[in-house]
Amino acid sequence: MRAQSSATAPSRIAVDATGADTGGASFGTVQAALGVVAFSLTFPATAWGLEGFGPWSLIAVRSILAAAVAGACLVALRVAPPERRHWLGLAVVGAGVVLGFPLLTTLALQTSTTAHAAVVVGLLPLTTALLSALRVGTRPSRTFWIAALAGAAAVIAFTVQQSGGALTSADAYLFGALLVCAAGYTEGGRLARVMPGWQVIGWALVLCLPLTVPMAAVALSFEPVHLTAHAVTGLLWVAIGSQFLGLVVWYRGMAAIGIPKASQLQLAQPLLTLVWSVLLLGEHLPVAAPLTAAAVLVCIAVTQRARG
């Protein structure tokens with residue numbers, strides 16, 4: 001980043017570089033929670049987007065739009081490129097959260113309901129915590145793991161029950177999306193400790209442009225496009241809300257409170273997604289939702305208090 005003219009600039013850069021914020025852990029939790037809210041709208045917005053775009057077109061265009069916003073911010077603030085040692089990690093972030101997860105879940109949502117797809121998000125916190133333990137050496141307490149497993153079990157039982165307990169052809173896409181997204185979250189959370197979170201996702205989006213631009217050109221030439229209010233709104237949300245702004249606050253939150261604890265906030269994401277599905281898509285909310293919500297909130301409270 002360009003040298004600062006004020007005497008206080010170095011200290012501000014040092015704070016930003018850690019990915020932490022002046023509000024401390026509490027504000028970090030708020031930021032991670034805002035990321036979860038943004039992500040909870042992803043599946044309903046994707047369903048809207050699929051009303052007017054093909055799956056490959058939707059993925060490519062959303063990534064390009066998000067990269068345009070991120071790139072404009074990087075240029076406007078004259079942010080220097082990351083150090084060479086960080087590019088591999090950024091590539092993992094790009095492969096996981098910019099390309100892998102959106103592509104696999106969009107393909108799944110062609111034949112799966114948003115409620116069924118939410119099983120991926122139900123498993124994501126536990127998978128992210130596991131990968132974090134392997135990648136960055138975090139060692140959460142036994143209480144943390146018990147609460148995390150209980151929360152994941154509650155979410156999985158709920159989403160499987162409401163879908164009738166039947167596995168679909170989309171499950172391969174969903175479980176693949178789970179793994180690549182957890183890897184991207186883990187690597188992004190690690191990088192957010194040494195650079196601002198918005199730069200992590202910003203550079204990852206820009207890094208994917210050599211793939212997403214040709215993909216868009218090919219996909220748009222084969223897949224018909226029907227611009228409707230739902231399709232455009234869904235596209236804009238998944239591009240700017242989920243793909244960029246949501247990941248900015250999410251990575252900052254992970255850097256502030258730690259990857260395992262932040263990941264457990266996502267236990268609430270499937271239930272939020274179901275609420276949005278009712279409000280935006282007209283899907284029926286199962287009777288078990290309030291009970292599951294209470295169980296998940298208890299698990300979140302325990303994981304946030306557990307000391308690792």
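Not measured: the values here are computed from a predicted model.
Under the 3.5 Å distance criterion, with hydrogens and angles disregarded, a donor-acceptor pair is assigned to the side chains of Trp276 and Ser40. Checking Ser242 against Thr42 by side-chain atom types alone, a donor-acceptor pair falls below 3.5 Å. Side-chain atoms of Thr114 and Ser277 form a donor-acceptor pair, as typed in the model, at a separation below 3.5 Å.
There is a path of hydrophobic side-chain contacts, each under 4.5 Å, that joins Leu245 to Trp237. Taken together through direct or relayed side-chain contacts under 4.5 Å among Ile, Leu, Val, Met, Phe, Trp and Tyr, Ile146 and Val155 form parts of separate hydrophobic clusters. Cluster membership check: Val275 shares its hydrophobic cluster with Leu271, using side-chain heavy-atom separations under 4.5 Å among Ile, Leu, Val, Met, Phe, Trp and Tyr. Cluster annotation: Leu104 and Leu109 are assigned to distinct hydrophobic clusters (Ile/Leu/Val/Met/Phe/Trp/Tyr, side-chain heavy-atom contacts under 4.5 Å, transitive). Cluster membership check: Leu211 does not share its hydrophobic cluster with Val92, using side-chain heavy-atom separations under 4.5 Å among Ile, Leu, Val, Met, Phe, Trp and Tyr.
Heavy-atom neighbours of Tyr173 OH from other residues, nucleotides or ligands within 6.0 Å: at or below the threshold of 12. Around atom CH2 of Trp145, more than 12 heavy atoms belonging to other residues, nucleotides or ligands sit under 6.0 Å away.
Looking at Trp87 and Leu207, their side chains come closer than 4.5 Å, going by heavy atoms from C-beta outward. A heavy-atom distance below 4.5 Å is not found between the side chains of Leu41 and Trp48. With contacts defined as side-chain heavy-atom distances shorter than 4.5 Å, the pair Met195/His86 qualifies. Inter-residue side-chain proximity for Ile201 and Val98 is flagged as met; some heavy-atom pair is nearer than 4.5 Å. Taking 4.5 Å as the limit, every side-chain heavy atom of Leu274 sits out of range of all side-chain heavy atoms of Val278. Using a 4.5 Å heavy-atom cutoff, the side chains of Phe53 and Glu223 are not in contact. At a threshold of 4.5 Å between non-hydrogen side-chain atoms, the residues Val61 and Leu220 count as touching. A 4.5 Å side-chain heavy-atom check between Pro102 and Arg62 finds at least one atom pair inside the cut-off.
Nearest heavy-atom pair, Thr212 versus Ser63, reported as atom, atom and distance to 0.1 Å: CG2-CB, 3.6 Å. When all heavy atoms of Thr105 and Ala177 are compared, the closest pair comes out as CG2-CB, 3.7 Å. Scanning both residues, Arg190 and Gly89, for their nearest heavy atoms gives NH2-CA, 4.4 Å. Trp250 and Ala262 make their closest contact through CH2-O, 3.1 Å (heavy atoms, listed as atom of the first residue, atom of the second, distance). Minimum interatomic distance between Ile257 and Gly28 (heavy atoms only, all atoms of both residues): CG2-C, 3.9 Å. Pairing each heavy atom of Leu235 with each of Val238, the nearest pair is O-CG2, 3.2 Å.
Note that OG1 of Thr186 is 11.0 Å distant from CG of Leu191, once rounded to the nearest 0.5 Å. Between the CG atom of Leu50 and the OG atom of Ser57 there is a distance of 10.0 Å, given to the nearest 0.5 Å. In this structure, OG1 on Thr233 lies 10.0 Å from CG on Leu280, to the nearest 0.5 angstrom. Between the CE atom of Met215 and the SG atom of Cys208 there is a distance of 9.0 Å, given to the nearest 0.5 Å. Rounding to the nearest 0.5 Å places CH2 of Trp198 at 14.0 Å from CG of Leu247.
Gln269 places no side-chain N or O within 3.5 Å of a backbone atom of Ala38 that could act as its donor or acceptor partner. Side-chain atoms of Ser221 come within 3.5 Å of backbone N or O of Val218 as a donor-acceptor pair.
The aromatic rings of Phe101 and Phe43 lie parallel to each other, their planes meeting at an angle below 30°, with 60° marking the opposite boundary. Taking the six-membered ring where the residue is Trp, Tyr251 and Tyr185 present perpendicular rings, their angle passing 60° and hence far from 30°.
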Problem set entry | Pair Leu103-Thr106, side chain to side chain contact (heavy atoms under 4.5 Å, CB included): steps then yes or no | CA-CA 5 Å; Leu103 175 60; Thr106 299; 5.8 Å; no
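Residue pairs meeting the salt bridge (charged side-chain N to carboxylate O under 4.0 Å, His left out) criterion with at least one member in residues 85-105, sequence neighbours excluded, are Glu83-Arg85.
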